[in-house]
Amino acid sequence: MKLVLVTAVEEFQKNILKIFKKAAIKNLSITEINGFKNIPAEISSNWFSAGKNSNESTLFFSFTDDEHIDVLFNLITEFNKNMETNNPIKGVVLPIERFI
């Protein structure tokens, strides 16, 4: 079992849900996050003013196996190839050493 994390701008949420469904990953969690690129200097001096420089993004995560992750990553790769913006969907896989 592994943990797969996927991030994207909020506009792609419906697309990503469809991708997870096509990959047969039936259980996942979603949370809203703020994404930053090239963090501006004012964030380091005043963290609470950061909101206006961020992108509304979504984090998806699920515990699943390699087979489903391979399908998911192939689908994300195809989606990113056909993207017209500079906001690709990103994914990462983390091994799980122990779980209850």
Side-chain angles (χ1 to χ4, degrees):
M1 178 169 295
K2 296 186 178 174
L3 173 62
V4 62
L5 303 168
V6 175
T7 61
V9 292
E10 191 175 82
E11 292 82 26
F12 297 146
Q13 182 171 340
K14 288 182 182 179
N15 301 93
I16 295 173
L17 289 172
K18 289 177 186 176
I19 290 171
F20 269 87
K21 187 175 182 177
K22 285 182 184 178
I25 299 174
K26 298 176 183 175
N27 299 313
L28 68 131
S29 298
I30 303 171
T31 188
E32 294 177 6
I33 58 173
N34 287 324
F36 295 89
K37 284 186 179 180
N38 301 320
I39 299 175
E42 65 266 15
I43 290 178
S44 61
S45 62
N46 185 358
W47 180 254
F48 295 104
S49 69
K52 56 188 160 189
N53 296 315
S54 65
N55 294 317
E56 293 180 359
S57 301
T58 308
L59 171 67
F60 303 81
F61 57 99
S62 180
F63 296 95
T64 191
D65 57 34
D66 285 326
E67 179 182 329
H68 291 97
I69 292 170
D70 290 342
V71 175
L72 179 73
F73 273 44
N74 287 335
L75 292 167
I76 290 172
T77 299
E78 285 303 311
F79 184 88
N80 285 342
K81 283 182 184 176
N82 298 315
M83 183 177 295
E84 296 178 10
T85 68
N86 190 22
N87 295 307
I89 297 171
K90 297 187 179 194
V92 65
V93 178
L94 303 171
I96 303 298
E97 292 183 29
R98 294 174 66 181
F99 65 93
I100 296 175

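The shown structure was predicted, so the numbers you read here are calculated from the model rather than taken from an experiment.
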**OP:** Go through D66 and K2 one step at a time and tell me if the side chain to side chain contact (heavy atoms under 4.5 Å, CB included) criterion holds.
**Re:** CA-CA 7 Å; D66 285 326; K2 296 186 178 174; 2.9 Å; yes

Original post:
Rounded to the nearest 0.5 Å, how far apart are CG of L17 and CD1 of I25?
Top reply: 11.5 Å

Subject >> Least distance between heavy atoms, F60 atom then L28 atom >> reply: CD2-CD1, 3.8 Å

Original post:
Got a second to check how far N74's CG is from I19's CD1, nearest 0.5 Å?
Top reply: 11.0 Å

Original post:
According to a 4.5 Å side-chain heavy-atom criterion applied to Ile, Leu, Val, Met, Phe, Trp and Tyr, with indirect links allowed, do I33 and F12 form part of one hydrophobic cluster?
Top reply: no

Original post:
Transitively linked via ILVMFWY side-chain contacts under 4.5 Å: L59 with F79?
Top reply: no

**OP:** Start with the C-alpha gap between I16 and T58, add the side-chain angles, then the distance that decides, and say whether side chain to side chain contact (heavy atoms under 4.5 Å, CB included) holds.
**Re:** CA-CA 10 Å; I16 295 173; T58 308; over 6 Å; no

**OP:** Look at the side-chain heavy atoms of Ile, Leu, Val, Met, Phe, Trp and Tyr, link any pair under 4.5 Å apart, and say whether F99 and V4 land in one connected group.
**Re:** no

Original post:
Would you say E10 has more than 12 foreign heavy atoms packed within less than 6.0 Å of its CD?
Top reply: yes

Original post:
Which pair of heavy atoms, one from N27 and one from S62, lies closest together, and at what distance?
Top reply: O-OG, 2.5 Å

**OP:** Could you pull out the closest heavy-atom pair between L75 and K22, with the gap in Å?
**Re:** CD1-CB, 3.6 Å

Subject >> Shared hydrophobic cluster, M1 / L72 (ILVMFWY, side-chain heavy atoms < 4.5 Å) >> reply: no

**OP:** Say whether I89 and V93 are linked into one hydrophobic cluster, either directly or through other cluster members, by side-chain heavy-atom distances under 4.5 angstrom.
**Re:** yes

**OP:** Write down the atom of F20, the atom of V6, and the distance for their closest heavy-atom approach.
**Re:** CZ-CG2, 3.9 Å

**OP:** Return the minimal non-hydrogen interatomic distance between E11 and N15, and the atom names on each side.
**Re:** O-OD1, 4.0 Å

**OP:** Using atom types as modelled and distance alone, determine if a side-chain donor or acceptor of D65 lies under 3.5 Å from a backbone N or O of H68.
**Re:** yes

Subject >> Test side chain to side chain contact (heavy atoms under 4.5 Å, CB included) applied to I30 and Q13, step by step >> reply: CA-CA 9 Å; I30 303 171; Q13 182 171 340; 4.2 Å; yes

